[in-house]
Structure formats: structure tokens, C-alpha cells
A.B. asks: 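Once you've had a glance at the structure underneath, I'll fire off some questions.
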Amino acid sequence: MFHPSQKTLDLLEDIEKRIDPETEEDFQDQWKDFLYDRFKGELFRPKRKKLSLPTVPTPKININDAVADYDLMLQDQLGLVSRDLNSETAALGIRANYGTGILSSLFGAEIFIMPYENNTLPTTRILGDTERIREMAEGRIPDLECGFGRQVFEFGEICRELFSKYPKISKYVPVYHPDLQGPLDIAELLWGGEMFYAMYDEPELVHEALSLITDTYTAFMERWNKLFPPRTDMNTHWRSLYYRGTILIRNDSAMNLSPDFYREFSIPYDQRLLDRFGGGAIHFCGRGDHYIEALSELRGLYGVNMSQPHLNDMEKIYQNTVDKGIKLLSFNRERAESDLDRPNAFHHNLHS
């Protein structure tokens with residue numbers, strides 16, 4: 001049985017006292033107006049109308065220590081909530097913060113803990129050659145408690161039980177879904193760069209692997225959603241945004257694909273997840289202007305979160321997001337302000 005430390009209990013008590021329901025309801029209403037097309041400005045920037053300073057010290061915890069200790073993971077995540085209550089724009093929330101390798105670790109990929117001094121989330125090493133991927137693809141959904149799976153679910157159970165004693169935390173501090181990346185990203189984490197050659201040489205095997213990964217992703221999300229049923233109107237992520245739907249898919253590996261390969265090897269699996277979980281948002285880093293038109297055609301895609309606008313033809317991005325009613329979420333404010341003079345600007349669909 002888990003017993004929180006006094007430091008964790010002090011953080012919980014402090015956060016519970018400082019949460020002002022009227023402030024949080026107003027903040028969420030601002031987001032709902034934006035997500036459901038009632039916002040009439042050009043750049044959406046929500047503002048928490050009442051800020052609250054911490055009354056207990058905010059801990060500084062190395063992520064390696066947090067990954068190895070549930071109590072320190074709680075302190076790390078609650079410390080962020082404590083700081084965010086004094087932020088005008090942050091969206092409250094915590095997660096089981098175990099890095100990008102959660103799903104890949106279920107398939108037997110070796111967990112790689114970064115050097116302590118880097119203070120950076122862990123990941124996994126690739127399985128290696130294509131034969132290991134073939135063996136994986138011929139198998140079934142792995143045990144969801146392999147690798148990081150057990151820690152993720154145990155941390156979730158701890159949060160659910162502990163937060164039940166704090167009504168305002170339970171209501172206003174969601175435990176949002178873990179970082180499961182996206183099917184294509186997980187395939188690359190498991191396969192490495194050989195995956196891209198296999199798209200030419202053995203496309204059937206790539207599809208078999210992506211299908212199994214998507215089935216595993218679905219099973220993991222379904223189990224998580226039993227612990228923390230998602231909201232039906234909107235959900236939060238990264239402490240920086242809300243989005244319509246219940247899933248946020250990461251698609252960083254897609255920048256390496258041509259538009260045709262993106263349609264073949266990414267769209268079908270992302271669509272399965274969006275369909276199953278009632279829509280959501282997609283994140284990508286790097287360049288995405290070459291496949292953004294295909295991405296914009298996904299059913300149930302309500303938002304796009306991207307970084308590095310300087311690497312993209314932003315007019316193509318705008319034409320296939322805000323111009324089509326798809327929200328741009330947590331977008332670079334400086335770049336957005338510099339593009340306000342485009343015709344019709346952003347159609348009230350850009351959050352910065």
C-alpha cells in the first residue's frame with residue numbers, strides 16, 4: 001500500500017486550499033468558447049483572473065528520481081500544479097510522466113535512463129533488426145504491465161485514490177492520458193531507421209506492425225480511461241492547452257514521409273484511434289507542411305499542435321488548419337502576431 005510523504009501531503013493540502021472554483025470554471029469556460037467557435041477575437045490567450053502564490057515550497061526533483069519513486073513523481077507533478085495556480089495561462093493537470101517509451105517498452109524494448117545530470121525523461125532502445133519486428137508483428141497485444149506499463153497504471157491508481165480525498169483537486173486537476181506517442185512514432189522507436197527502408201521493401205510487414213501497435217495503443221488507452229474517464233466536452237494536455245476529443249496523438253516521425261507514404265502508413269492508424277476515442281488533436285515537431293493537407297482530412301481532428309514554424313510554409317499550414325476550422329493550439333505567439341495581416345487572419349481558431 002502506498003503511503004504519501006508529509007511533503008506530498010503538504011502539497012496536496014496547499015493546492016486544495018488555493019484552488020478557487022470560480023476562477024477555474026471561468027478559465028475553462030474561456031477554453032470552451034474557443035473550442036466551440038464562440039470566441040470572436042483573433043488570437044486566443046486565456047487568462048486566469050485570480051492567481052494564487054504557493055504557501056509551501058515547490059520541490060525541485062530530478063526526473064530520474066521521480067521515475068524510480070511514486071512519491072517523488074507525485075511531488076514533481078504536484079509542484080507543477082502549485083506553480084500553475086499562479087499562472088494566467090496554464091491549464092491544470094498532471095500525468096504519469098515516464099517519457100516517450102511507455103508503449104514501446106511493452107514490446108520488450110530496453111528502457112534507457114538518461115544520465116542523471118541531463119534531468120531528461122527516459123526512452124527505449126530499438127529492438128534492432130527487421131526479424132525481431134517480424135516476430136513482434138506475428139504476436140498478440142503484449143501484457144500491458146510490461147516495461148513502464150505497471151508503473152504508469154500503479155501511479156494512476158495512487159492518484160485516483162489519493163485525490164479522492166481532495167474534492168477540488170479531483171474536479172480541477174485532471175490526470176491526463178500518458179505519452180503514448182502515435183503508431184508511427186512507436187514503430188520507429190521499435191524499428192529504428194530501418195522502418196523507412198521497409199516501407200519500400202516490405203510494406204505488408206510495416207502495416208502488420210502498425211496494426212498491432214494501434215491495437216495495443218487502443219487497449220492501453222481503454223484501460224487508462226477506466227481509471228480516469230475523459231471529459232466529453234474537452235480535455236487537457238501538457239498543462240498548456242485544452243482540446244476537443246479525448247486523445248492527443250504525437251506524430252513526429254511523419255516529417256520523414258512523403259505525402260503518399262503519410263497517407264499509406266500513418267493516416268489509417270491515426271484514423272482508427274481518432275474514431276475509437278471520439279476525436280482529438282495531433283502534435284508534430286519539425287516540418288509538416290508537405291503532408292498537412294492529408295492530415296487535415298482526418299475525421300475527428302479538432303486541433304493541431306506544432307512547433308518550429310520557421311521550418312514550415314506557414315501559409316500551407318494555415319490553409320489546412322485554421323482556414324478549415326481546425327484549431328492551432330499553443331502556437332508560437334511571435335509568429336502568430338507577425339501573420340495577423342493575412343486575409344481573414346486566423347478565423348478565431350488560433351491559440352497562442
Side-chain angles (χ1 to χ4, degrees), residues 61 63-64 66-68 70 72-74 76-78 80-81 90-107 109-114 118-126 142 144-159 173-190 210 213-214 216-225 227-228 230 235-243 245-255 266 269-270 273-274 276-277 280-286 303-307 329-330:
I61 296 168
I63 193 60
N64 290 20
V67 165
Y70 293 136
L72 293 178
M73 179 67 79
L74 265 171
D76 175 69
Q77 293 293 296
L78 290 171
L80 299 175
V81 175
L92 303 183
I94 73 168
R95 70 176 180 179
N97 198 29
Y98 292 91
T100 59
I102 294 170
L103 210 66
S104 54
S105 73
L106 304 186
F107 290 96
E110 179 189 352
I111 292 169
F112 180 74
I113 303 294
M114 298 292 184
N118 289 5
N119 196 21
T120 300
L121 284 165
T123 186
T124 55
R125 299 183 187 273
I126 62 172
L144 299 182
E145 296 204 357
C146 288
F148 274 130
R150 178 183 59 81
Q151 287 166 271
V152 167
F153 289 120
E154 286 185 355
F155 181 75
E157 289 165 358
I158 287 167
C159 290
V173 183
V175 185
Y176 59 91
H177 78 72
D179 182 357
L180 303 184
Q181 292 291 293
L184 190 67
D185 284 11
I186 296 302
E188 187 182 2
L189 277 172
L190 291 166
L210 285 165
I213 290 167
T214 305
T216 304
Y217 201 123
T218 300
F220 201 99
M221 280 287 291
E222 287 176 342
R223 179 167 169 182
W224 182 261
N225 288 347
L227 270 176
F228 296 100
N235 287 279
T236 190
H237 221 82
W238 287 316
R239 305 168 32 248
S240 65
L241 60 87
Y242 279 93
Y243 63 95
T246 68
I247 188 170
L248 198 152
I249 300 168
R250 279 78 153 172
N251 220 339
D252 299 323
S253 296
M255 69 171 162
S266 187
Y269 306 101
D270 292 344
L273 292 173
L274 289 169
R276 172 63 188 83
F277 295 104
I282 287 182
H283 159 84
F284 66 86
C285 287
V304 168
N305 169 260
M306 61 170 288
S307 60
L329 301 167
S330 290

A.B. asks: Where do L274 and G280 come nearest, in terms of heavy atoms and distance?
C.D. replies: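 The pair with the smallest heavy-atom distance is CD2-N, 3.5 Å.
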A.B. asks: Might you work through the side-chain contact (heavy atoms from CB on, under 4.5 Å) test for D179 and R95, ending with a clear yes or no?
C.D. replies: CA-CA 8 Å; D179 182 357; R95 70 176 180 179; 3.7 Å; yes
A.B. asks: Once rounded to the nearest 0.5 Å, what's the spacing between atom CG of N251 and atom CD1 of I282?
C.D. replies: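 If I round to the nearest 0.5 Å, the distance is 5.5 Å.
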A.B. asks: Assert yes or no for the condition that the ring centre distance of F153 to F220 is strictly below 6.0 Å.
C.D. replies: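 Between F220 and F153, which both carry aromatic rings, the centre distance is below 6.0 Å.
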A.B. asks: Going by the angle between their ring planes, with limits at 30° and 60°, are F148 and Y98 parallel, tilted or perpendicular?
C.D. replies: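 The rings of F148 and Y98 sit tilted, inter-plane angle from 30° to 60°.
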A.B. asks: Mark yes or no for whether Q151, through its side chain, and V67, through its backbone, hold a donor-acceptor pair below 3.5 Å.
C.D. replies: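 Yes; at least one donor-acceptor contact below 3.5 Å.
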A.B. asks: For E154 and Y70, run side-chain hydrogen bond (donor to acceptor under 3.5 Å, both in side chains): C-alpha distance rounded to whole Å, both residues' side-chain angles, the deciding distance at 0.1 Å, then the answer.
C.D. replies: CA-CA 9 Å; E154 286 185 355; Y70 293 136; 2.5 Å; yes
A.B. asks: With side chains defined as the heavy atoms from C-beta onward, is the minimum distance between H177 and F228 less than 4.5 Å?
C.D. replies: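 When only atoms from C-beta onward are counted, F228 and H177 do not touch, as no gap falls below 4.5 Å.
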A.B. asks: Do you know the tightest heavy-atom contact between I61 and N119?
C.D. replies: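 Minimum heavy-atom separation between I61 and N119: O-OD1, 4.1 Å.
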A.B. asks: Of all the heavy-atom pairs spanning Y217 and G182, show the shortest one and how long it is.
C.D. replies: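 For Y217 and G182, the tightest heavy-atom pair comes out as CE1-CA, 3.8 Å.
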A.B. asks: For the pair N225 and T246, evaluate side-chain hydrogen bond (donor to acceptor under 3.5 Å, both in side chains) and give the outcome as yes or no after the intermediate values.
C.D. replies: CA-CA 9 Å; N225 288 347; T246 68; 5.0 Å; no
A.B. asks: Roughly how far apart are L241 CG and L329 CG, rounded to 0.5 Å?
C.D. replies: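 If I round to the nearest 0.5 Å, the distance is 5.5 Å.
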A.B. asks: Ignoring hydrogens, what is the shortest heavy-atom contact between M255 and G286? Give both atom names and the distance.
C.D. replies: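 Scanning both residues completely, I find the closest heavy atoms to be SD-CA, 3.8 Å.
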A.B. asks: Given R276, which partner from the list T214, T218, I247 fulfils the side chain to side chain contact (heavy atoms under 4.5 Å, CB included) test?
C.D. replies: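 Only one option passes, and that is T218.
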A.B. asks: CG of L189 to OG1 of T123: how many Å apart, nearest 0.5 Å?
C.D. replies: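 Taking CG in L189 and OG1 in T123, the distance rounds to 5.0 Å.
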A.B. asks: Are the side chains of Y243 and H237 in contact, using a 4.5 Å heavy-atom criterion?
C.D. replies: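 A side-chain contact under 4.5 Å exists here.
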A.B. asks: Locate the shortest heavy-atom distance separating L190 from S104; write the atom from each residue and the value.
C.D. replies: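 That closest heavy-atom pairing would be CD2-O, 3.6 Å.
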A.B. asks: Determine whether D252 and H283 make a side-chain contact, defined as any pair of heavy atoms from C-beta on separated by less than 4.5 Å.
C.D. replies: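 Side-chain contact under 4.5 Å: yes.
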A.B. asks: Considering only heavy atoms from C-beta outward, does the side chain of T216 approach that of P142 to under 4.5 Å?
C.D. replies: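 When only atoms from C-beta onward are counted, P142 and T216 do touch, with a gap below 4.5 Å.
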A.B. asks: Give me the atom names and distance for the closest heavy-atom approach of N305 to S330.
C.D. replies: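 N305 and S330 have their closest heavy atoms at ND2-CB, 3.6 Å.
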A.B. asks: T100 versus D185: any side-chain heavy-atom pair under 4.5 Å?
C.D. replies: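 Answer no - side chains too far apart.
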A.B. asks: Before you tell me yes or no, could you show the steps for W224 and V175 under side-chain contact (heavy atoms from CB on, under 4.5 Å), namely the whole-Å CA-CA distance, both residues' side-chain angles and the distance that decides it to 0.1 Å?
C.D. replies: CA-CA 10 Å; W224 182 261; V175 185; 3.7 Å; yes
A.B. asks: Are the side chains of L248 and Y176 in touch, meaning some heavy atoms are under 4.5 Å apart?
C.D. replies: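 A side-chain contact under 4.5 Å is absent here.
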A.B. asks: Check each of L92, V81, I94, L80 against R239 using the side chain to side chain contact (heavy atoms under 4.5 Å, CB included) test, and report the only one that passes.
C.D. replies: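 Exactly one pass, corresponding to L80.
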A.B. asks: Between atom CG of L210 and atom OG of S266, what is the distance when rounded to the nearest 0.5 Å?
C.D. replies: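 So the gap between those two atoms works out to 8.0 Å.
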A.B. asks: Go through D270 and L184 one step at a time and tell me if the side-chain contact (heavy atoms from CB on, under 4.5 Å) criterion holds.
C.D. replies: CA-CA 9 Å; D270 292 344; L184 190 67; 6.0 Å; no
A.B. asks: Calculate, to the nearest 0.5 Å, the distance between atoms CD1 and CG belonging to I102 and L144 respectively.
C.D. replies: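 Atom-to-atom, I102:CD1 and L144:CG are 12.5 Å apart.
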A.B. asks: CE of M221 to CZ of F277: how many Å apart, nearest 0.5 Å?
C.D. replies: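 Atom-to-atom, M221:CE and F277:CZ are 5.0 Å apart.
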